[in-house]
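Quick caveat: nothing in here was measured; it's all calculated off a predicted structure.
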Amino acid sequence: MWRKLVIFAVLAAAGSVMAAEPVFCRSGEVLKPWRENSRPSIQNFDEYTFPNPEGSYAYIMVPIRPDAGRAMSIFDYVLVIGSNSYPCIALRVGNGAFSASDATVRDFGGQDVTLCFRVDTRALAGRTDIFMRYQLSASGLVNTRLNLQ
């Protein structure tokens with residue numbers, strides 16, 4: 001009996017250490033961000049609004065499970081890597097198409113929203129200090145640290 005209790009306690013402690021804590025931003029729960037090396041297909045994308053200067057770029061995708069009653073647009077967040085900030089260039093609802101429209105999305109139909117950020121790959125090299133910053137308020141939950149996969 002004693003051995004079973006010790007084994008149970010060790011397994012329970014290991015399970016709690018391994019379980020990832022949820023990460024939240026102003027709009028809801030941040031799921032698992034990831035990196036893409038090529039730009040996804042984006043409707044309404046305007047190269048004049050989001051110029052592509054020389055360099056090598058990656059695309060950071062940040063999925064969010066929005067809280068009830070939230071609205072989102074591409075202007076709500078920027079990605080901050082070190083001293084550089086990168087605007088959100090598109091968003092999509094569920095598995096739909098990405099859109100660079102400046103319209104605010106108010107009805108997600110219970111689906112997750114994915115934000116797309118274009119970043120300079122040189123800024124990403126070896127960085128762990130990646131934050132998503134809420135731009136519409138200076139108080140409350142403004143900076144969310146991302147664990148990039």
Side-chain angles (χ1 to χ4, degrees), residues 10-149:
V10 169
L11 290 175
S16 66
V17 169
M18 292 173 60
E21 300 244 350
V23 175
F24 293 92
C25 67
R26 189 76 168 238
S27 300
E29 181 180 358
V30 176
L31 303 175
K32 294 179 181 176
W34 74 93
R35 172 185 171 161
E36 298 268 337
N37 290 321
S38 58
R39 186 179 90 192
S41 175
I42 301 174
Q43 297 175 353
N44 307 315
F45 189 76
D46 181 4
E47 288 290 343
Y48 294 105
T49 303
F50 300 107
N52 198 10
E54 290 184 28
S56 177
Y57 291 88
Y59 297 84
I60 305 301
M61 308 299 178
V62 182
I64 297 171
R65 180 161 295 135
D67 291 337
R70 283 289 183 186
M72 293 175 68
S73 80
I74 62 171
F75 302 108
D76 293 357
Y77 294 95
V78 294
L79 204 65
V80 179
I81 304 172
S83 61
N84 300 311
S85 64
Y86 302 91
C88 176
I89 62 170
L91 66 74
R92 74 175 178 195
V93 177
N95 291 325
F98 276 100
S99 174
S101 170
D102 60 359
T104 299
V105 179
R106 298 184 192 292
D107 181 17
F108 306 108
Q111 300 181 79
D112 298 336
V113 174
T114 303
L115 304 178
C116 176
F117 299 89
R118 180 174 57 197
V119 302
D120 187 331
T121 54
R122 293 171 296 188
L124 276 175
R127 298 306 289 251
T128 58
D129 57 338
I130 300 173
F131 293 87
M132 189 171 66
R133 177 171 295 147
Y134 184 68
Q135 299 201 108
L136 305 180
S137 175
S139 63
L141 183 56
V142 175
N143 290 315
T144 301
R145 186 181 196 101
L146 299 179
N147 182 15
L148 192 59
Q149 303 270 325

Can you tell me how far apart OG (Ser85) and CZ (Phe131) are? Round to the nearest 0.5 Å.
13.5 Å
Gap between atom OG of Ser99 and atom CG of Leu91 - 0.5 Å precision
6.5 Å
Is the shortest heavy-atom distance from the side chain of Ile130 to the side chain of Ile60 under 4.5 Å?
no
Pairs meeting criterion salt bridge (Lys or Arg N to Asp or Glu O under 4.0 Å) with involvement of residues 128-144, two or more places apart:
Arg127-Asp129
Heavy-atom closest pair, residues Pro33 and Leu146:
CG-CD2, 4.2 Å
Residue list, side chain to side chain donor-acceptor pair (under 3.5 Å) with Arg39, at least two apart or on another chain:
Glu47
Distance-minimising heavy-atom pair for Val62 and Phe117
CG2-CE1, 3.8 Å
With side chains defined as the heavy atoms from C-beta onward, is the minimum distance between Arg92 and Pro40 less than 4.5 Å?
no
Would the distance check show the side chain of Ser56 and the main-chain N or O of Thr121 forming a donor-acceptor pair, the cut-off being under 3.5 Å?
no
If you define the side chain from C-beta out and look only at heavy atoms, does anything of Phe75 sit under 4.5 Å from Leu136?
no
Heavy atoms of Ala90 and Ile42 approach each other most closely as CB-CG2, 3.7 Å
Worked check of side chain to side chain contact (heavy atoms under 4.5 Å, CB included) between Leu124 and Val119
CA-CA 8 Å; Leu124 276 175; Val119 302; 3.6 Å; yes
Check side chain to side chain contact (heavy atoms under 4.5 Å, CB included) between Ser38 and all other residues, then give those that pass, not counting sequence neighbours.
none
If we only count heavy atoms from C-beta on, is the Ile89 to Phe98 side-chain gap below 4.5 Å?
no
Are the side chains of Asp76 and Leu115 in contact, using a 4.5 Å heavy-atom criterion?
no
Show the numbers, then the answer: is there a side chain to side chain contact (heavy atoms under 4.5 Å, CB included) between Val105 and Val113?
CA-CA 10 Å; Val105 179; Val113 174; 5.7 Å; no
What closest approach, in Å, do Arg106 and Ala71 show between heavy atoms, and which atom pair accounts for it?
NH1-CB, 3.7 Å
Report the C-alpha distance between Asn147 and Val23 in whole Å, list the side-chain angles of each, state the deciding distance to 0.1 Å, and finish with yes or no for side chain to side chain contact (heavy atoms under 4.5 Å, CB included).
CA-CA 9 Å; Asn147 182 15; Val23 175; over 6 Å; no
Is the backbone of Arg26 close enough, under 3.5 Å, to the side chain of Arg70 for a donor and an acceptor to pair up by distance?
yes
Mind checking the SG-OH spacing from Cys88 to Tyr77? Nearest 0.5 Å is all I need.
10.5 Å
Between the side chains of Arg35 and Asn37, does any donor sit under 3.5 Å from an acceptor?
yes
State the CE-CG distance between Met72 and Asp67, to the nearest 0.5 angstrom.
10.0 Å
Any sub-3.5 Å donor-acceptor pair from Thr144's side-chain atoms to Phe24's backbone N or O?
yes
